[in-house]
Amino acid sequence: MEYLHAFWVGGLICALAQILLDRTKLMPGRIMVLLVCSGAVLGAAQIYQPFQDFAGAGASVPLLGFGNLLWKGVKEAVDQEGFIGIFLGGFKASAVGISAALIFGYIASLVFQPKMKK
């Protein structure tokens, strides 16, 4: 049942983002920022964690989950290190995911030999 919940919740989040792309004049970058900020706000309001517990990877993998991860990292770092935690927390919490995205993106570029558009 966990897989089913992850599938439909993740699909719903992606469908909503696609609707924003198709029906509004918002650029993709702004929609991405909107999703990350929404995840951080929902995390701060303590709404996102129960949602993530229910949906699993369907809620933690999309950009909403990244915003929530940044929020949790900042909150923990501020509790431990004070004001400087505002700047360090997000980096510490998301370093593994960002590093993996960069490394696997680089490996994919070596395998598939991308070309620039003309």
Side-chain angles (χ1 to χ4, degrees):
M1 208 57 185
E2 284 181 42
Y3 295 122
L4 183 64
H5 290 307
F7 180 76
W8 76 263
V9 169
L12 182 65
I13 292 170
C14 292
L16 292 174
Q18 188 65 47
I19 290 169
L20 284 174
L21 278 169
D22 293 343
R23 302 284 183 198
T24 67
K25 292 184 180 184
L26 291 173
M27 299 300 289
R30 291 187 180 188
I31 293 173
M32 291 172 62
V33 169
L34 178 71
L35 290 170
V36 171
C37 291
S38 297
V41 169
L42 290 172
Q46 298 181 349
I47 295 171
Y48 203 79
Q49 190 59 46
F51 177 63
Q52 187 173 345
D53 292 341
F54 169 75
S60 63
V61 172
L63 286 173
L64 286 169
F66 182 68
N68 184 46
L69 177 70
L70 290 175
W71 163 252
K72 286 197 295 190
V74 168
K75 183 177 178 247
E76 289 174 10
V78 167
D79 290 342
Q80 292 175 357
E81 300 178 32
F83 180 75
I84 196 74
I86 294 171
F87 306 104
L88 298 175
F91 290 121
K92 286 182 181 178
S94 62
V96 172
I98 292 172
S99 298
L102 290 171
I103 291 167
F104 289 123
Y106 179 72
I107 291 170
S109 73
L110 293 176
V111 171
F112 295 107
Q113 299 175 3
K115 296 180 180 144
M116 295 293 291
K117 288 184 178 180
K118 292 182 180 183

Q: Check the hydrophobic clustering (I, L, V, M, F, W, Y; side-chain heavy atoms under 4.5 Å; chains of links allowed) and say if V33 and F91 are grouped together.
A: no
Q: Could you tell me whether the side chain of Q18 reaches within less than 4.5 Å of the side chain of L21, counting heavy atoms only?
A: yes
Q: Identify whether V111 and I103 are in the same connected component of the hydrophobic contact network (ILVMFWY, side-chain heavy atoms under 4.5 Å).
A: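 Per the 4.5 Å side-chain linkage, V111 and I103 are co-clustered.
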Q: If you draw a 6.0 Å radius around CD in E81, do more than 12 non-hydrogen atoms from other residues or ligands fall strictly inside?
A: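 Yes, the 6.0 Å shell around CD holds more than 12 heavy atoms from other groups.
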Q: Are L35 and L20 close enough, and set up right, to give a side chain to side chain contact (heavy atoms under 4.5 Å, CB included), and what steps lead you there?
A: CA-CA 11 Å; L35 290 170; L20 284 174; 5.7 Å; no
Q: Going hydrophobic residue to hydrophobic residue with side-chain gaps under 4.5 angstrom, can you get from V61 over to I31?
A: no
Q: Output the distance between atom CG (L64) and atom CG (L34), rounded to the nearest 0.5 Å.
A: 8.5 Å
Q: Got V74 and V78 here, is their nearest side-chain heavy-atom distance under 4.5 Å?
A: yes
Q: Centre-to-centre under 6.0 Å for F51 and F54, is that the case here?
A: no
Q: Do L88 and I86 sit in one hydrophobic cluster, given that two such residues count as connected whenever their side-chain heavy atoms are within less than 4.5 Å of each other, even indirectly?
A: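 Yes; tracing contacts between hydrophobic side chains, which count when under 4.5 Å, links both residues.
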Q: What distance separates I107 CD1 from F112 CZ, expressed to the nearest 0.5 Å?
A: 11.5 Å
Q: Rounded to the nearest 0.5 Å, how far does CD of Q46 lie from CG of N68?
A: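 Rounded to the nearest 0.5 Å, the CG-CD separation comes out at 10.5 Å.
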Q: To the nearest 0.5 Å, tell me how far S60 OG sits from Q49 CD.
A: 9.5 Å
Q: Check whether any side-chain heavy atom of L12 sits under 4.5 Å from a side-chain heavy atom of W8, and report yes or no.
A: yes
Q: Minimum heavy-atom separation for G85 to A77, with atom names?
A: O-CB, 3.5 Å
Q: So which of I13, L16, V36 actually passes side-chain contact (heavy atoms from CB on, under 4.5 Å) with P62?
A: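 Exactly one candidate clears the test, I13.
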Q: Look at the side-chain heavy atoms of Ile, Leu, Val, Met, Phe, Trp and Tyr, link any pair under 4.5 Å apart, and say whether F104 and L110 land in one connected group.
A: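 Result: no, two separate clusters.
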